[in-house]
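Order of the sequence lines sets the chain letters (A, B, ...), proteins ahead of strands, with each chain counted from 1.
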Number of protein chains: 2
Amino acid sequence: MNRTHTRVTLDDVARRAGVSLATASRVINQSAGVSEDKVERVWTAINALNYVPHTAAQVLAANETHTLGLLLPAVSGGFFVSMLAGIQQGLSESGYDLLIYSSQPAAPAQRNDDPRRRLRRPLDQHNTDGLLVFADSLEDDELRRIYGNGFPMVLLHRSPPAGAEIPTVTFENKSGARQVVDHLVDVHGCQRIAYLAGPEGHEDSYWRQRGYRESLQAHGIPFDPLLVAAGEFDREAAARAVAEMLARETAFDAIFAGDDESAMGALDALAHAGKRVPQEVAVAGFDDVDVSRHLRPPLTTVRAPIEKAGLQAVRQLVQLIRGGQAEPLTLLPTTLVIRRSCGCNGAGHELAGDLERRAL
Amino acid sequence: MNRTHTRVTLDDVARRAGVSLATASRVINQSAGVSEDKVERVWTAINALNYVPHTAAQVLAANETHTLGLLLPAVSGGFFVSMLAGIQQGLSESGYDLLIYSSQPAAPAQRNDDPRRRLRRPLDQHNTDGLLVFADSLEDDELRRIYGNGFPMVLLHRSPPAGAEIPTVTFENKSGARQVVDHLVDVHGCQRIAYLAGPEGHEDSYWRQRGYRESLQAHGIPFDPLLVAAGEFDREAAARAVAEMLARETAFDAIFAGDDESAMGALDALAHAGKRVPQEVAVAGFDDVDVSRHLRPPLTTVRAPIEKAGLQAVRQLVQLIRGGQAEPLTLLPTTLVIRRSCGCNGAGHELAGDLERRAL
DNA sequence: ATCATGCTTGAAAGCGCTTTCAGAAAGCGC
DNA sequence: GCGCTTTCTGAAAGCGCTTTCAAGCATGAT
């Protein structure tokens, strides 16, 4: 249990290999020509000693962390799994590690409660080579400050604050939303469609709502603010919101949920209230999360390439880090996925959906 | 965009505050008495300069990373979301950061293809204060080596290799499995129950299978190897496995899936084959993942406190890091959750389930 | 042979921080 | 007021690594 047991350093490796520290370092980093016999000797020593480089020392000396930071509000729902899977893929492509900063409301008692005596979180510059910022997990000010330092950063599902030209990757939210709502109206004749909005300030939700209103307008359906409720992209919040609408007897014949998570909540609330889906109320979601086709009834939704978004974000960020240019805006296409919750008989589509899903 | 723009160091802070580097460091770490006026001056300087400590330097000097490593095979499914949520909670309690190592099969072309010339991944000692190892994401040898160094480690859902007494946290898999299978037999009279096993070597699956066989034996039902298929804890693999059983006309009246993910696959395959659940085949899962109650039909399963497992694992690890003792084995209780896929009319239970879920 | 040319190599200077060490200042009893 | 302990404080020594710099040494050209 003696942790302080002599740790193996590059120095040890060099000595055992009979070369200098510098040469050993060069072998590891393949950073300069080293004669083949020395290369051999160094690797032999490394294996014999079980040498593992000390990352912090490498970072300090070389000023590169080989780590990307991911800022999240909190981990939850199927969305994150997919996003993380995509991000992981990007990481393994490029050889970076992932440091997750969850901006979750921290522990009960902060060590130091005086805000004037708190250190800024060491996100940038010193501790990662670049940052992936999800939605509103970082305030505009911080974003600007970090951008101002010329630090590589890519935004996921949010646009940059004014003045900061930070690359963004997100979905074609508006047109996707437009499509589902069009479908609800055109095919199923819905007229009173409720919208379950996401969290305040969440841009995906904003654009989806825009698409929703655009569709209403195109069909000459008046917009009724009473039909917009706070789904919060959260199952329980959405369930509460729908229950409330039901309670106050706001009439509606369809619910367009801002995401699949809130669609599940809606399905729940409707079931509890004894409303049949889709006979009495049609339901549609957004994202086409992993489980949506397994829901009761299978959810009509908009497929958003979540994994791809994660992957693209990493790629863009890596490009930026390596000194290249990144796409200012990556807009990934969304596609309508018809299943049964809207009233269609979605059988058959599901398989096709599966095949599509495979092709990242 | 000049990245090399003079970075703010502690030195700058110290100079501006009119104190020595050492004093400034002491203020930040509250590591020794410093007169109140200097403390004040240092913080003022820090805020004025927007100082952010350089983590690598701190790590190098203090030999503490304030980071926990999490080793995963790959991110997927509802299980991980819950586990990550629990881990995050533990992290924010204790102030550690999280570095995720996904042992995902790496990128196409490895830089260096000679295994003798590859560095060990810098997991331990130098780069994290402790390691959370999930299931079989690390080989026994590595585990032993790291343990041998006295490095803090906690295992999730796997037991330590012989000789290494590494704390483990996992579920009461066997008794949970025993309970569902008992239910299937006792209440629904099932006699030919298939088991969808998890990945080879996954201990959760091993114990669940043990529970399954124990129940069969207790009921005098002969064990039929033909009824055990490779569900792999994966939706698609499970669907294939079930389709195969169907194809080769192995008779069964129930499926006990090793986890909810494979239960979904089973549900899928069954639906495709036109088999009605639960009328023709009863289905039960394990885990009670977030979405299980939303499935078609709602899934009878065993609730496993996944979040709690993540949280506990972090707590144990932190205890270990701080020099304390950890529980050698944390076995979290599982409970049967009756819904409809087994043939019960599970209405009403769901709400209770929800309430339970809240109480972590 | 002689000199420029290109490779390989080691010594040494940091990277930004923590911490030991010892001196300075301050408080105390007498 | 004089030693003594108790706080504070700053100088300096690293932590383990990368990288510059200049030297060493072949090589081919002259």
- Protein-nucleotide distance (E64(A), atom CD; dT19(D), atom C1'), rounded to Å: 13 Å
- Mind calculating the distance between NE2 (H66(B)) and C1' (dC17(C)) to the nearest angstrom? 13 Å
- Item | E36(A): side-chain contact (heavy atoms from CB on, under 4.5 Å) partners, not counting sequence neighbours | V39(A), E40(A), R117(B)
- Message: Checking A22(B) now: which residues fulfil side-chain contact (heavy atoms from CB on, under 4.5 Å) with it, not counting sequence neighbours?
- Response: S20(B), R26(B)
- Task: Report the relative orientation of the aromatic rings in F134(A) and F79(A); use parallel for angles under 30°, tilted for 30 to 60°, perpendicular for over 60°.
- Result: tilted
- Query: Within the structure, does a side-chain N or O atom of S25(B) lie under 4.0 Å from either OP1 or OP2 of dC17(C)?
  - Reply: no
- Item | From CA spacing to verdict: side-chain contact (heavy atoms from CB on, under 4.5 Å), Q88(B), L72(A) | CA-CA 11 Å; Q88(B) 282 295 2; L72(A) 289 175; 5.7 Å; no
- Query: Atom CZ of R15(B) and atom P of dG16(C): how far apart are they, to the nearest Å?
  - Reply: 12 Å
- Measure the distance from CD on E36(B) to C1' on dC8(D) and round it to the nearest whole Å. 14 Å
- Message: List the residues meeting side-chain contact (heavy atoms from CB on, under 4.5 Å) with R315(A), not counting sequence neighbours, and say none if there are none.
- Response: E93(A), L311(A), Q312(A)
- Note on the structure: Under a 4.0 Å heavy-atom criterion, the protein footprint on nucleotides 8-15 of chain C, written with B, S and -, is SBBB--BB
- Message: Taking D37(A) first and then R41(A), would you say they form a salt bridge - that is, a charged N and a carboxylate O separated by under 4.0 Å?
- Response: yes
- Below 4.0 angstrom from OP1 or OP2 of dT18(C), is there any side-chain N or O of N29(B)? yes
- Quick one: side-chain contact (heavy atoms from CB on, under 4.5 Å) partners of D141(A), sequence neighbours excluded? R144(A)
- CD of Q58(B) versus P of dT19(C): gap in Å, rounded? 10 Å
- Query: Among L131(B), I100(B), D136(B), whose side-chain contact (heavy atoms from CB on, under 4.5 Å) with L71(B) holds?
  - Reply: L131(B)
- Under the rule of Watson-Crick or G-U wobble with both distances under 3.5 Å, where | means paired to another strand and [ ] a crossing pair, DNA chain C maps to ||||||||||||||||||||||||||||||
